[in-house]
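Basis for what follows: all heavy atoms, side chains included, without hydrogens, waters or symmetry-related copies. Numbers restart at 1 for each chain; the letters A, B, ... are given by sequence-line order, proteins then strands. Quick caveat: nothing in here was measured; it's all calculated off a predicted structure.
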Number of protein chains: 2
Amino acid sequence: MQADFRQLCADHGIAMTHQRQVLYEVMQGMEGHPSPEEVYALVKKKVPAVSLATVYKNIHLFVESGIFRKMSMHHGSVRVEMNSEDHHHMVCSKCKAITDIGEKELGLSPTQRRLSDGFLVERYSVDVIGLCAKCQKA
Amino acid sequence: MQADFRQLCADHGIAMTHQRQVLYEVMQGMEGHPSPEEVYALVKKKVPAVSLATVYKNIHLFVESGIFRKMSMHHGSVRVEMNSEDHHHMVCSKCKAITDIGEKELGLSPTQRRLSDGFLVERYSVDVIGLCAKCQKA
DNA sequence: TTATCGGACGATAATACTTATCATCTTTAA
DNA sequence: TTAAAGATGATAAGTATTATCGTCCGATAA
Ligand SMILES: [Mn+2]
Ligand SMILES: [Mn+2]
Ligand SMILES: [Zn+2]
Ligand SMILES: [Zn+2]
């Protein structure tokens, strides 16, 4: 409800606006790794006058304030990560399809917290490059 | 020498041209993950009339024919991977610096060859997200 | 509730990166 | 040597993203 989003904005130190709320709700309802254009298309249905620039600005704002996570690799454009579970990605080297794979299922659990040159680890992001089932047939 | 590059081209089924040879040699002498513009700047010193389009076209050609490997993630532009060793990357979440880290040093050796949905693994690419030593001080 | 002010909005220009086009030149293979 | 195929350089076009700016909205205090 609206009060929840108002609180979320307050928690993250950003102002609450109608466009932001619609954007947030639309994004919540999306799966996978939507592009700004895809988000824009859906927001426009509820707020026809919305500008693409506003969508870009607020996606960045959401990402910077930690509400959503960016996921730009392997796509030609910026994407937002809508899967909030700990997971990694399988990338088909032929058709470029990107599929989530859970941390457990991947069977990799890195533990080192500090690496060479004093690099402090926040998290690991694994891309498994290979062939999806569909592309193996062809 | 020239004969070597001629042979390399023959092996990969591409024509041997002066621009390609200079491009190849310049790239061989670069480290890290150079951008097309960086490569272009150096090639221009030896072949002043070279076009940026030619650099782009031949970088793609080299990547497609397996002479070099693409490494585009995390940068705003296409990059080429000049480190031919098996390695992964440490990405600083603050300054965006990208540093190579050897497979052994990372201490991760994934072995699964097949994952969910029948995905056939070719290789793993690990990005370690965190803070570089420099950014930890600030 | 209303006034005020800083931030957010929408329209659109500008930028950065990359690719397409095309006339000319070079390489390859016969 | 020659003809076909392919490569080059100049430049236009395309795509994604960001900057600019005048107007409007929303948070705060009177
Ligand atoms: Mn994902
Ligand atoms: Mn590298
Ligand atoms: Zn595929
Ligand atoms: Zn850093």
Checklist outcome for this item: Regarding the side chain of B:Ala15, the nearest nucleotide among C:dC9, C:dT27, C:dT18 is C:dT27
Next on the checklist: Any side-chain N or O of B:Arg6 below 4.0 angstrom from OP1/OP2 of C:dT28?
Outcome noted: yes
Next on the checklist: From NE2 of A:His18 over to C1' of C:dC9, roughly how many Å is that when rounded to an integer?
Outcome noted: 13 Å
Checklist entry - In whole angstrom, what separates B:Arg79's CZ from C:dA16's P? => result 15 Å
Checklist entry - When we call it a touch if two heavy atoms are under 4.0 Å apart, what does B:Ala53 touch: a base, just sugar-phosphate, or nothing? => result base
Checklist outcome for this item: the helix from C:dT1-D:dA30 to C:dA30-D:dT1: angle between terminal helix axes, five bp per end, to the nearest 10 degrees, reads 40°
Item to check | Atom CZ of A:Arg123 with >12 non-hydrogen neighbours under 6.0 angstrom | outcome: yes
Checklist entry - Out of B:Val128, B:Asp127, B:Asn83, which residue meets the side chain to side chain contact (heavy atoms under 4.5 Å, CB included) rule with B:His89? => result B:Asp127
Checklist entry - Hey, does the side chain of A:Ser51 come within less than 4.0 Å of C:dC9's phosphate (OP1/OP2), counting only N and O? => result no
Item to check | Separation of atom CZ in A:Phe62 from atom C1' in C:dA8, rounded to whole Å | outcome: 12 Å
Checklist entry - Is any side-chain nitrogen or oxygen of B:His60 closer than 4.0 Å to OP1 or OP2 of C:dT19? => result yes
Checklist entry - Mapping B:Gln19 and B:Leu52 to their closest nucleotides on DNA chain D, which lands nearer the 5' end? => result B:Gln19
Checklist entry - Are side-chain heavy atoms of A:Gln28 and A:Phe68 found at a separation under 4.5 Å? => result yes
Checklist entry - Is the number of heavy atoms from other residues, nucleotides or ligands under 6.0 Å of A:Glu31 CD greater than 12? => result no
Checklist outcome for this item: So the contacted stretch of DNA chain D, first to last nucleotide with an atom under 4.0 Å from a non-hydrogen atom of chain B, runs from D:dA7 to D:dT11
Next on the checklist: Tell me the interatomic distance from B:Glu37, atom CD, to C:dA16, atom C1', rounded to whole angstroms.
Outcome noted: 9 Å
Checklist entry - Any chance the side chains of B:Glu105 and B:His87 put a donor and an acceptor closer than 3.5 Å? => result no
Checklist entry - Whole Å only: how far is the OH atom of A:Tyr56 from the C1' atom of C:dA14? => result 15 Å
Checklist outcome for this item: When rounded to whole Å, the CD to C1' distance for the pair B:Gln21 and C:dT26 reads 15 Å
Checklist entry - What integer distance in Å separates B:Tyr40:OH from C:dC17:C1'? => result 14 Å
Next on the checklist: Under the criterion ring pair (Phe, Tyr, Trp, His ring centres under 6.0 Å), I'd like the reasoning laid out for B:Tyr40 against B:Tyr56: C-alpha separation, chi angles, the key distance, then a yes or no.
Outcome noted: CA-CA 9 Å; B:Tyr40 175 57; B:Tyr56 269 98; 8.9 Å; no
Checklist entry - Any side-chain heavy atom of B:Cys92 within less than 4.5 Å of one from B:Leu131? => result yes
Checklist entry - Under the criterion side chain to side chain contact (heavy atoms under 4.5 Å, CB included), which of B:Met27, B:Arg79, B:Glu81, B:Met82 is the partner of B:Pro34? => result B:Met82
Checklist outcome for this item: CD1 of B:Ile129 to CD of A:Glu122, rounded to nearest 0.5 Å, is 8.0 Å
Checklist entry - Nearest nucleotide by nearest heavy atom, which residue falls closer to the 5' end of DNA chain C, B:Pro36 or A:Lys57? => result A:Lys57
